[in-house]
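Computed from a prediction, not measured in an experiment: that's the story for all the values here. Residue numbers start from 1 in every chain, and the chains themselves are labelled A, B, ... in the order their sequence lines are given, proteins ahead of strands.
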Amino acid sequence: MEKQPVTPDPKGMDRRQFIRHMALTGATSGGAILAGLYMWQRQHFVPGFQEQSGISLPSFITDKMKPQADLGVAHGYDRIQTTRAAIDALGGISRFVSKGDVVMLKPNVAFDRPPALAATTHPESLRAVAQLVLEAGAKKVIVADNPINSPAGCFLKSGISAVADDLGLELMYPEQSAFTQLQMEGEILRHWPLFYRPFEKADKVIGLAPCKDHNLCSASMSMKNWYGLLGGRRNQFHQHIHSIISDFALMLQPTLIVLDGVHVLQSNGPTGGRLSDVKEVGTVVAGTDMVAIDSYGYTNMLGRDIANLEYIHKAHERGLGNMHWQDMIVKEVRI
Amino acid sequence: MSCGSDSCGCRSANENGGGPESASPVTDYIAKANKQEQPEKKGPVGRVVSWFVNTVVADMRITRVRVLSQTFFFLLFLFFVIITDLRYLKGYPVSLFLELDPLVAVATAMTTGTVYKTLIISLVLLLPTLLLGRFFCNWICPYGTLHQFTRFLFGKRDEQWQIDSNRFRSLQQLKYIILVAMLVAAAFGSLQIGLLDPICLFHRSMSTAILPGINLVLPDTFYVKQFFHVGAWLIGAILFFFVGMNVVIPRFFCRAVCPLGAFLGVLSKFSVIRIERDPNKCIDCDACLKNCQGASDPHTQLRKSECFVCFECIEDCPVDAISFSFMPNKDHEVSNPPMPGRRTAMASLFGIAGYAVARASGASDSNFKKEVIRPPGSVKEDGFLERCIKCDQCIRVCPTNVLQPTIMEAGLEGFWTPILNMKTGYCELNCTLCGQVCPTGAIQRVTIEEKNGRGDFAEQGPIKLGTAFYDRGRCLPWAMETPCVVCEEVCPTSPKAIYSREVTIRKRDGNKITLRRPYVDPSLCIGCGICEHECPVKDHAAIRVTAIGETRSQERRLLMDGGDPSNLLDLVKRNR
């Protein structure tokens with residue numbers, strides 16, 4: 001555009017300019033008033049005591065076919081075969097996973113440890129279940145955990161990411177944006193950040209827990225495994241550890257649980273650290289009732305007296321499962 | 001660059017199909033390529049390729065080659081910065097730019113008398129500088145590229161201003177004063193070049209301020225969990241200051257501050273090939289100053305120490321009076337840096353005085369601070385100050401965010417060196433990444449077996465960073481009748497250095513409660529700090545690690561028999 005020469009006007013601005021100017025001023029002040037009124041916070045609140053809300057997890061129990069047994073127990077030292085046999089004892093994976101399902105696998109990858117130290121879910125355990133799930137026609141398999149140590153190191157050194165790469169499983173890191181608030185009516189657990197992103201897509205959830213000693217609550221098995229779904233200040237959980245673990249049984253109803261006791265961390269848990277902390281037991285249990293499974297694991301894998309495991313009694317009394325696995329249908333196979 | 005030499009591959013293309021009228025083998029080859037391409041329909045890739053061929057290759061001036069080189073090295077630098085993360089780090093030489101930096105190698109050689117491991121490759125840069133001058137500054141240095149690009153984007157004004165802004169200023173002496181003071185301090189064992197060395201500075205800024213800053217704006221881009229760094233604002237502000245100064249004085253940092261540039265400037269004295277002006281052709285129009293990067297006076301006697309060998313003057317000269325010449329007339333140059341002897345003496349005094357005054361606070365000696373917990377594999381404190389270049393690569397690669405740049409914890413000399421801050425992270429047991437990326441061996445490249453005293457190193461035991469102590473007044477089971485022992489749970493050693501004893505106490509309300517109360521076994525504690533990091537008493541943990549007991553220094557050990565393996569093995573046996 002050509003520059004217009006400036007001509008002095010004794011009368012000031014013309015009508016057109018005046019209208020445009022006033023319109024602009026009016027629009028700006030009007031906008032300020034509207035914005036102010038719109039964003040006007042008339043009430044104060046007490047910081048830290050606002051009303052809380054959040055989501056709850058749906059049930060992932062499948063009602064496709066009833067399993068042939070309540071617990072499938074397989075004894076053997078080849079992890080892949082033993083894990084397969086335990087699930088087959090329930091009637092096979094097809095009772096739990098349908099064609100086209102998105103399946104979330106939750107291993108325990110809490111620590112930055114090599115698999116031999118038995119502080120994390122063994123990669124072969126993950127491989128066995130992931131292969132079964134893929135054979136059953138699953139569309140996608142998600143592997144997710146929120147470790148205690150730094151996530152990248154945990155996934156790498158536990159051997160979990162190698163299996164995920166190998167089988168084409170989707171590894172989900174506990175990134176900031178992956179958390180949503182959970183709301184539930186637990187004994188202690190009510191409002192807490194939940195690693196929700198894997199659940200957004202998952203049709204089925206399978207827990208893959210190792211059987212481990214634990215310094216405070218005596219044992220970390222399939223119920224304690226769900227600790228890795230939560231974020232936030234988890235270090236407070238220890239103040240009510242048994243209530244919290246029993247709340248996990250209320251928080252989530254998984255499709256299937258696999259408890260791996262081929263190698264069991266018997267001492268210095270949950271971190272372990274030496275091969276002498278690990279004992280070869282050679283058992284894998286599968287089932288849907290995590291209370292029964294943990295009760296079995298505590299008695300037969302760790303070899304301890306179930307009377308001492310407070311959270312199992314709590315969960316049993318709250319009707320979240322049955323700790324008396326002896327009264328249930330247990331199908332045992334030996335490889 | 002002309003393509004006339006016999007060795008050039010374009011010649012064969014000319015012979016095989018070039019018409020007699022073709023001006024040069026390159027244009028001929030391109031014309032041929034274009035002719036062949038025309039009948040085909042071009043896809044997007046074809047279009048990009050032909051654009052590249054027509055605009056970049058066809059007009060392949062040396063300054064374009066230079067811009068390509070700068071772009072390549074800048075992107076390579078960014079690539080290395082971004083992949084310095086356990087998830088992507090697959091044996092890439094992520095500290096390459098630091099290892100190529102001759103000032104890092106020379107200064108650490110002055111402090112320690114050695115050239116650590118891969119620092120030897122700095123010869124790859126040092127030797128060509130002796131022949132070509134400061135080409136590094138305008139062909140490779142990613143920080144220089146950042147400045148030039150900022151200037152290109154935001155600093156454009158009218159031509160006369162541009163010419164005047166590129167005249168030599170006496171301010172350019174400053175970098176030599178900085179260099180001399182830092183090297184003199186280095187001779188006394190205080191390594192300070194990293195404060196202003198461009199590669200260290202750029203790495204530090206990216207690791208502690210820029211990447212965490214981007215991750216705050218765009219979550220989950222660089223970190224699984226947001227990283228925080230102490231004093232990031234200061235490091236970021238310094239970066240923005242130097243970048244912003246380009247609008248006032250073009251390449252202010254490179255011309256006036258950069259100690260690496262000063263060092264290369266001193267070396268440029270020996271270069272055998274340089275920019276040369278033919279005074280008989282020159283019409284004194286000063287057009288050569290228009291884009292001069294170094295402010296090196298190409299319009300008169302060239303200041304060799306200031307010239308970045310950017311070739312802009314050759315391109316801007318309307319009468320082709322400037323060329324890049326081998327061994328030109330000595331009278332046409334200023335060979336030495338603009339640094340009179342008295343200034344050098346003054347700078348040396350600064351160096352001596354700076355060293356003496358900083359060391360006199362005793363922060364590296366008897367007055368050491370409990371917060372100065374150094375990464376695993378660190379050499380003892382005075383050696384650390386001889387080696388650490390404050391590049392903060394260790395801070396970038398640390399997977400837990402435990403490493404933080406110091407402010408004054410390690411004294412003035414230790415400014416921006418790494419320490420462990422258990423509030424932001426903890427030291428991962430099976431991790432030695434900090435030592436792997438450290439270019440100078442301030443953190444030695446120890447293996448995981450050496451760090452944890454396993455395998456062949458079981459006799460000497462693990463590297464200890466410090467020792468954990470309970471603050472029983474803040475500990476939940478000790479002071480507040482509440483169960484906890486998260487510290488024991490996460491303690492990574494086996495047997496655990498933290499153990500607990502069961503006690504049954506009568507609570508305030510009269511009810512009995514059975515609790516486990518934790519203790520530290522100092523012979524097993526390695527000072528990793530995960531107990532402190534995971535302690536629910538977040539603001540000032542009930543268990544805290546301090547530097548005492550660190551194995552890197554005999555003077556700072558705690559237990560007399562702490563290094564005696566027989567005692568440790570006895571305990572291992574007892575616990576079994």
N/O donor-acceptor pair under 3.5 Å between B:E428 side chain and A:S150 backbone: yes
Cation over ring face, B:R87 and A:Y173, 6.0 Å, 45°: yes
More than 12 heavy atoms of other groups within 6.0 Å of B:K451 NZ: yes
Region of A:I148 that comes under 4.5 Å of a non-hydrogen atom in chain B: both
Minimum side-chain heavy-atom gap B:N430-A:P114 below 4.5 Å: yes
Structural part of B:L433 lying under 4.5 Å from a heavy atom of chain A: neither
Contacting region of A:R234 [heavy-atom separation from chain B under 4.5 Å]: neither
Contacting moiety of B:Y499, where chain A heavy atoms sit under 4.5 Å: neither
OH/B:Y92: more than 12 non-hydrogen atoms of other groups inside 6.0 Å: no
B:P219 side chain near A:E175 side chain, heavy-atom distance below 4.5 Å: no
Intermediate values then yes/no, side chain to side chain contact (heavy atoms under 4.5 Å, CB included), B:N215 and A:Q176: CA-CA 11 Å; B:N215 203 71; A:Q176 283 161 285; 3.7 Å; yes
Selection from B:T400, B:V485, B:T482 maximising heavy-atom pairs under 4.5 Å formed with chain A: B:V485
Short side-chain to backbone donor-acceptor contact, A:N235 and B:V486, under 3.5 Å: no
Which atoms of A:P151 approach chain B - backbone, side chain, both or neither, heavy atom under 4.5 Å: side chain
B:L429 and A:T271: CA distance, side-chain angles, deciding distance, side chain to side chain contact (heavy atoms under 4.5 Å, CB included) verdict: CA-CA 11 Å; B:L429 186 76; A:T271 51; over 6 Å; no
B:L86 CG to A:D112 CG distance, which is reported to the nearest 0.5 Å: 8.0 Å
A:R233 vs B:K538 side-chain heavy atoms within contact, under 4.5 Å: yes
From B:L476 atom CG to A:Q236 atom CD, the distance as rounded to the nearest 0.5 Å: 9.5 Å
Gap separating the OG atom of B:S500 from the CG atom of A:L216, nearest 0.5 angstrom: 8.0 Å
Selection from A:L117, A:N215, A:D277 maximising heavy-atom pairs under 4.5 Å formed with chain B: A:N215
Side chains of A:R274 and B:P495 in contact at under 4.5 Å (non-hydrogen atoms): yes
Atom group of B:Q226 that falls short of 4.5 Å from chain A, counting heavy atoms: both
Part of A:H240 lying under 4.5 Å from any heavy atom of chain B: neither
Smallest separation among heavy atoms of B:E489 and A:P270, with atom names: CG-CG, 3.3 Å
Side-chain heavy atoms of A:Q239 within contact of B:P536, under 4.5 Å: yes
